Amino acid sequence: MEKSNIGLIGLGVMGQNLALNLADKGWMVSVWNRQGPGEAESVADRFVRERGKGKSVIACKGLDDFCDTLQRPRVVMLMVTANAVDEVIENVIPYLDEGDIIVDGGNSNFEDTGRRVKELYERGFYFVGAGVSGGEEGALHGASIMPGGAEEAWPVVKPILQSIAAKAEDGTPCCEWIGKGGAGHYVKMAHNGIEYAEMQLIAEVYSLMKRIGNMNNEEMGLLFTHWNETDLRSFLIEITGKILRHRDVTGAYVVDKILDVANQKGTGRWSVQNALDLNEPIGLIAEAVFARDVSGKKQLREKLGRIYSQESNLTLYQRDELVRPLYETLSVSRIVSYAQGFSLLKKASEVYRWNLNLASVALIWRNGCILRSELLNPIAEAFLVNPQLENLLADPFFSKRVKTSLPSWKKVVTMAVKEEVPLPAVSSALHYFYSVTTAHLPANLIQAQRDFFGAHTFERVDEPRGAFFHELWRS
Ligand code: 6PG
């Protein structure tokens, strides 16, 4: 019997769609899913009977027969929740042979992935942690895929993963080898950190349009759709235009029916937690995570809102006064979000010795993923021209763009402060910009305070870096 090219464990929507995508690209796929108690027909059988009908997909009853159907070296792809990965690995390993490959396509934590790569290598298996972005659509029609881990596996999995990846406009697959250990899942985590930031920036701009621009959903939706024809063009801008104009069967706008409490599964938070460990300032991304946390305090917000009775003296601005500054503000704040995200990647690459190719990361985010946008082209170009670029804000293309937008950016933040509209991400981006472009920060005073109360010592402006001094402050 013909053997399968790949086996897929976990038939949630993402797993099912990936299996169909693989089959459509000509691969023979074996699938297996844990059997739920009392299920008359297995999930795998049902999948093959329904969505997989007529396709090169084989349903397997047990992990033994699943592994038997695979050609060697076996490639087993896991599409299970992050907390089930270790258990599934242990369950499948008895049926694998030395040199077989396990690919984790879920949103696992990069530290877990790094540990699994090492442990499984010692046991004779190659483990690949592949970040997969693009949601259900991407899984079915082409995702952005960020594989990393045991490099020995790459020649085997490369044709498979690249075939199911989205293609950039120039035809290149949005899937490239990222690096060893947990590098693939780290890059996916940073992608999601930027994703959180972009979503929050768009939401803040929307809140200004609505609250001080008094624009209705139709106008806002059309404006975002128009912006999608400019250099703001991106998947998130595009769907925002559609979301704002979307109505239910009663004709009501669905966006107005949605409770203002934003949830999260953790990848944005992981980016911030890791950035703290690496001393990497990603305040805008952190504000985006915290903004979701603040949104969760609905009752408190209602209570305090009554005490401080906001919005009493709101000024309304003419559309013409608002639209261009908001466009510039969104453009420039997005640049800061990428500046922070790529700075985090650069730092992680140094600390974990991954040797990340940042241009390649930007290139594989051009299509398939949630961040897909026009902006990824100049970002890739910046890192192609200067692979050591410390911060995107130092790149000539981006510094020109930022300088053009700065007056609008300041104006919008000032308006928001005056009208008491919360703008945590946009303002954080602006203050990050001010900080990283200020040669003399007040940190000298912090050093003096530390030295005063704890003899923590300080460096001096008139001595070489690395020499530390202590002052007898109380004498
Ligand atoms: C992607 C997304 C995806 C993520 C969801 C929800 O790249 O396809 O990042 O992986 O899980 O967007 O994330 P939150 O629930 O944390 O918002």
Side-chain angles (χ1 to χ4, degrees), residues 10 12-18 21 77-85 103-110 112-113 129-148 161 164-166 168 174-176 178 182 184-203 234-240 243 258-275 282 284-296 334 337-338 341 344-345 361-373 375-376 425:
V13 184
M14 287 292 285
Q16 290 194 14
N17 286 1
L18 273 183
N21 190 352
M77 183 148 186
L78 312 183
M79 290 304 295
V80 300
T81 53
N83 56 8
V85 173
V103 181
D104 173 13
N107 261 338
S108 291
N109 186 294
F110 81 98
D112 288 332
T113 301
V132 177
S133 176
E136 298 169 13
E137 275 290 303
L140 189 59
H141 299 298
S144 171
I145 308 179
M146 296 148 252
L161 294 184
I164 55 165
C174 293
C175 168
E176 251 321 318
I178 300 290
H185 275 137
Y186 190 96
V187 168
K188 173 65 190 352
M189 177 193 82
H191 166 285
N192 281 28
I194 300 170
E195 173 185 307
Y196 277 46
E198 286 222 45
M199 291 167 77
Q200 178 64 24
L201 291 170
I202 293 173
S234 75
F235 171 70
L236 286 172
I237 296 284
E238 179 193 338
I239 63 166
T240 304
I243 289 167
I258 299 178
L259 188 73
D260 56 337
V261 172
N263 292 329
Q264 54 188 308
K265 294 203 196 71
T267 40
R269 183 173 63 241
W270 291 346
S271 301
V272 178
Q273 285 170 333
N274 179 258
I282 58 163
L284 161 56
I285 295 174
E287 282 299 346
V289 177
F290 290 143
R292 292 195 190 189
D293 295 336
V294 172
S295 81
R334 282 177 77 220
S337 141
Y338 281 93
L344 178 66
L345 288 175
V361 170
L363 290 173
I364 62 173
W365 286 353
R366 283 180 302 169
N367 202 1
C369 63
I370 305 297
L371 288 185
R372 58 186 182 262
S373 81
L375 191 60
L376 270 320

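Bear in mind that the values here come from a model prediction, so they are computed numbers and not experimental data. Remember, it's 1-based here, ligands and their atoms both numbered in the order they're listed.
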Have a look at Met146, Lys265, Glu195 and point out the one with the heavy atom closest to atom 9 (O) of ligand 1.
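Checking each option, the heavy atom nearest atom 9 (O) of ligand 1 is found in Glu195.
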
Specify side chain, backbone, both or neither for Arg292, according to which of its non-hydrogen atoms lie closer than 4.0 Å to ligand 1.
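Within the 4.0 Å criterion, Arg292 contacts ligand 1 through side-chain atoms alone.
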
Ligand 1 contact by [X], heavy-atom criterion under 4.0 angstrom:
X	value
Gly135	yes
Met199	no
Gly134	yes

[Y] versus [X], side-chain donor and acceptor atoms under 3.5 Å:
X	Y	value
Ser108	Asp104	yes
Asn107	Lys265	no
His185	Thr113	yes
Ser373	Arg334	yes
Gln264	Asp293	yes

Which of the atoms in ligand 1, numbered in the order shown and given with their element, are less than 4.0 Å from a heavy-atom of [X]?
X	answer
Gln264	15 (O), 16 (O)
His191	7 (O)
Lys188	1 (C), 2 (C), 3 (C), 7 (O), 9 (O), 10 (O)
Ile370	1 (C), 2 (C), 7 (O), 8 (O)

Which value, rounded to the nearest 0.5 Å, describes the distance between Phe110 atom CZ and Ile178 atom CD1?
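Those atoms lie 14.5 Å apart.
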
For [atom], find the nearest protein heavy atom and state the residue, atom name and distance (0.1 Å precision).
atom	result
atom 7 (O) of ligand 1	Ser133 OG, 2.4 Å
atom 16 (O) of ligand 1	Tyr196 OH, 2.4 Å
atom 4 (C) of ligand 1	Asn192 ND2, 3.9 Å
atom 11 (O) of ligand 1	Asn107 ND2, 3.3 Å

For a side chain to side chain contact (heavy atoms under 4.5 Å, CB included) check, start with the C-alpha distance between Tyr196 and Arg269, then their side-chain angles and the critical distance, and finish with the verdict.
CA-CA 9 Å; Tyr196 277 46; Arg269 183 173 63 241; over 6 Å; no

Around atom CD of Glu136, are there more than 12 heavy atoms of other residues, nucleotides or ligands at under 6.0 Å?
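Counting neighbours around CD of Glu136, 12 or fewer heavy atoms of other residues, nucleotides or ligands fall under 6.0 Å, so no.
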
Report yes or no: does Asn367 contribute a side-chain atom to a donor-acceptor pair with the main-chain N or O of Ala166 at less than 3.5 Å?
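No; zero donor-acceptor contacts below 3.5 Å.
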
